[in-house]
Amino acid sequence: SSRPHSMSLMSQCGEEQVAGEYSKHYVTLKQIGKGAYGCVKMAYRRSDRLLAVAKFILKEKVGAQFWVDGPDGRKVPLELSLLMTLKHPNIVSVIDMYENDKYFQMVMEKHGAGMDLFEFIERRPRLDEPLLSYIFRQIGQAVEYLHSLNILHRDIKDENVIIDNKFHVKLIDFGSATFMSKDTLFSTFYGTTEYCSPEVLAGNKYAGPELEMWSMGITLYVLTFFVNPFSDIEDTIQGPLSFPQVVSDDLEHLLRWMLCKEPSQRCTVLQLMSHAWIRQPVNMSQYIFHEIVDCDRHEANPEMYFSGSLSPRSGSPVSLALDPLVKERSNPSEV
Ligand code: ADP
Ligand code: MG
Ligand code: MG
């Protein structure tokens, strides 16, 4: 299966992306995945060979409303400014930022082997509900933190969450994020159509949190059943929510609440975090990553795999590191 397709905001990144001060500090390795997004690559720091992930943001593709004043008065993309400021165990952190004429170079921590939840789901993990709850509550914690700071992510979906071999997940990709305020409604949707709520697809203005809860509901449904709940825009607006398999009453209740078509009745993030299904006990010591999801040695244990393998003379660690990532990617669209 391919990732949800939407209008591409993608840029072709060439040699120019690494030009400048950035390359004095980092060696850029292969692209993550073989998909369309050419602007996220593995990299390592020259000083200590720390393996990291570099995202190259083409300045001309950053929309006018996505710029903010940086610390020294220069303009920086909101995506970069937010990730530099935010500090949360379930949100990816930025290590360094550089810029040249055309690009911002955002260096992030590498979390796990670089597997996102799209890839994870495609491997048909053998998840039970307590483990699913453990994974999903971490996304909830990130969103609770963001909403408490009046920040909307607006592109929550499986491929914007990365997972490591301890089932620790982090939210990435703040390219559609924004600040919200009580008396401002948005009229443009910047996320991915498959994750967009019915009222926004129908053309209504939105405050924000209720849209975010819908996209989290889609994410939880996809993690539960490995299929999308709705086949198209019309189905999202009109169609009934059905369940391909039997799940617990608590999970069914939560999914129906998050995917409630009426935004004012929809579950809020605070209601989510206090829901019985989210708060259920989980004994994490019984779950072993490579028993839950089929993976290669380096994915099961990336720390061991990468140690000592990054000498510039010793061939290409990256081709080994990236072999399993073969997905097509998508970018958010404006609706
Ligand atoms: P885009 O805005 O083009 O969607 P993302 O920031 O979502 O770019 O990155 C694209 C993909 O790269 C993600 O779906 C994920 O698979 C991978 N990725 C991005 N950042 C990281 C990271 N810090 N660690 C591991 N993988 C990452
Ligand atoms: Mg993304
Ligand atoms: Mg993005």
Side-chain angles (χ1 to χ4, degrees), residues 2-13 17 26 28-45 50-58 61-63 66 77-80 82-84 86 88-97 103-123 139 142 152-165 168-178 189-195 215 219 298-299 302-303 306 318 321-334:
S2 67
R3 300 193 180 221
H5 190 73
S6 46
M7 193 174 79
S8 181
L9 299 171
M10 205 116 50
S11 50
Q12 290 303 311
C13 298
Q17 61 189 354
Y26 286 89
T28 308
L29 305 168
K30 253 170 80 172
Q31 189 171 308
I32 289 185
K34 293 172 186 153
Y37 63 88
C39 296
V40 180
K41 298 186 176 182
M42 301 287 285
Y44 69 87
R45 189 155 64 194
L50 174 77
L51 200 55
V53 173
K55 182 168 181 176
F56 303 94
I57 302 167
L58 186 58
K61 295 279 177 166
V62 178
F66 290 102
L78 182 58
E79 169 174 19
L80 186 50
L82 282 174
L83 280 177
M84 300 265 298
L86 296 172
H88 190 274
N90 302 115
I91 295 176
V92 77
S93 54
V94 167
I95 300 169
D96 266 325
M97 62 160 282
Y103 291 93
F104 279 91
Q105 297 132 334
M106 177 170 84
V107 184
M108 294 172 274
E109 62 173 324
K110 186 182 80 74
H111 180 65
M115 190 188 296
D116 63 40
L117 288 185
F118 182 94
E119 167 96 19
F120 182 72
I121 286 164
E122 240 195 8
R123 296 185 195 200
I139 306 175
L152 279 177
H153 183 281
R154 290 201 292 189
D155 199 18
I156 292 173
K157 56 176 169 176
D158 50 13
E159 66 185 86
N160 286 336
V161 179
I162 47 178
I163 186 164
D164 75 2
N165 64 341
H168 178 192
V169 303
K170 294 193 182 211
L171 190 56
I172 60 167
D173 194 358
F174 281 62
S176 301
T178 191
F189 174 70
Y190 292 93
T192 303
T193 315
E194 281 82 347
Y195 288 76
S215 61
T219 305
H298 80 274
E299 293 170 324
E303 312 80 12
F306 286 117
V318 185
L322 296 178
D323 270 346
L325 302 177
V326 292
K327 300 275 79 58
E328 282 179 54
R329 305 284 168 152
S330 66
N331 266 347
S333 59
E334 296 181 20

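For ligands, and for the atoms within them, numbers begin at 1 and follow the listed sequence.
- Those atoms of ligand 1 that come under 4.0 Å of a heavy atom in Lys55, given as number and element, are 1 (P), 2 (O), 5 (P), 6 (O), 8 (O).
- At least one N/O-N/O distance between Glu109 and ligand 1 falls below 3.5 Å.
- Under the 3.5 Å distance criterion, with hydrogens and angles disregarded, no donor-acceptor pair is assigned to the side chains of Lys41 and Thr28.
- Taking backbone and side chain together, Asp155 holds no N, O or S atom under 2.8 Å from the Mg ion (ligand 3).
- Taking Phe120 as the reference, nothing meets the ring-ring contact (aromatic ring centres under 6.0 Å, His included) condition, with sequence neighbours excluded.
- Taken to the nearest 0.5 Å, the CD atom of Glu79 stands 13.0 Å off from the OG1 atom of Thr178.
- Contact of the Ile95 side chain with the Met108 side chain is not registered, since no non-hydrogen atoms from C-beta on lie closer than 4.5 Å.
- Counting heavy atoms from C-beta outward, Tyr195 and Asn160 have side chains that stay 4.5 Å or more apart.
- In terms of modelled atom types and a separation under 3.5 Å, the side chain of Lys110 and the main chain of Gly112 share a donor-acceptor contact.
- Ligand 1 has no N or O atom lying under 3.5 Å from any N or O atom of Lys110, backbone or side chain.
- Against a heavy-atom cut-off of under 4.0 Å, Met108 is close to the following atoms of ligand 1: 20 (N), 23 (N).
- Those atoms of ligand 1 that come under 4.0 Å of a heavy atom in Ile172, given as number and element, are 7 (O), 13 (C), 15 (C), 18 (N), 19 (C), 20 (N).
- Of the residues listed (Leu171, Val92, Leu78), the one engaging Leu83 in a side chain to side chain contact (heavy atoms under 4.5 Å, CB included) is Val92, and it is the only one.
- Annotation for ligand 1: atoms under 4.0 Å from non-hydrogen atoms of Val92 are 23 (N).
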- Just do the side-chain contact (heavy atoms from CB on, under 4.5 Å) check on Asn90 and His168 with the steps written out, would you? CA-CA 8 Å; Asn90 302 115; His168 178 192; 3.6 Å; yes
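- Among the atoms of Glu159, no N, O or S atom is found under 2.8 Å from the Mg ion (ligand 2).
- As for Asp173, its N/O/S atom nearest the Mg ion (ligand 2) is the one called OD2.
- The closest donor-acceptor contact from the side chain of Ser176 to the backbone of Gly191 lies at 3.5 Å or more, if one exists at all.
- Those atoms of ligand 1 with a heavy atom of Asn160 less than 4.0 angstrom away are 7 (O).
- Residue contacts with ligand 1, taken as heavy atom pairs separated by less than 4.0 Å, involve Val40 solely via side-chain atoms from C-beta onward.
- Near Glu159, the atoms of ligand 1 lying under 4.0 angstrom from a non-hydrogen atom of the residue are 13 (C), 14 (O).
- The atoms of ligand 1 that sit less than 4.0 Å from any heavy atom of Ile162 are 22 (C), 23 (N), 24 (N), 25 (C), 26 (N).
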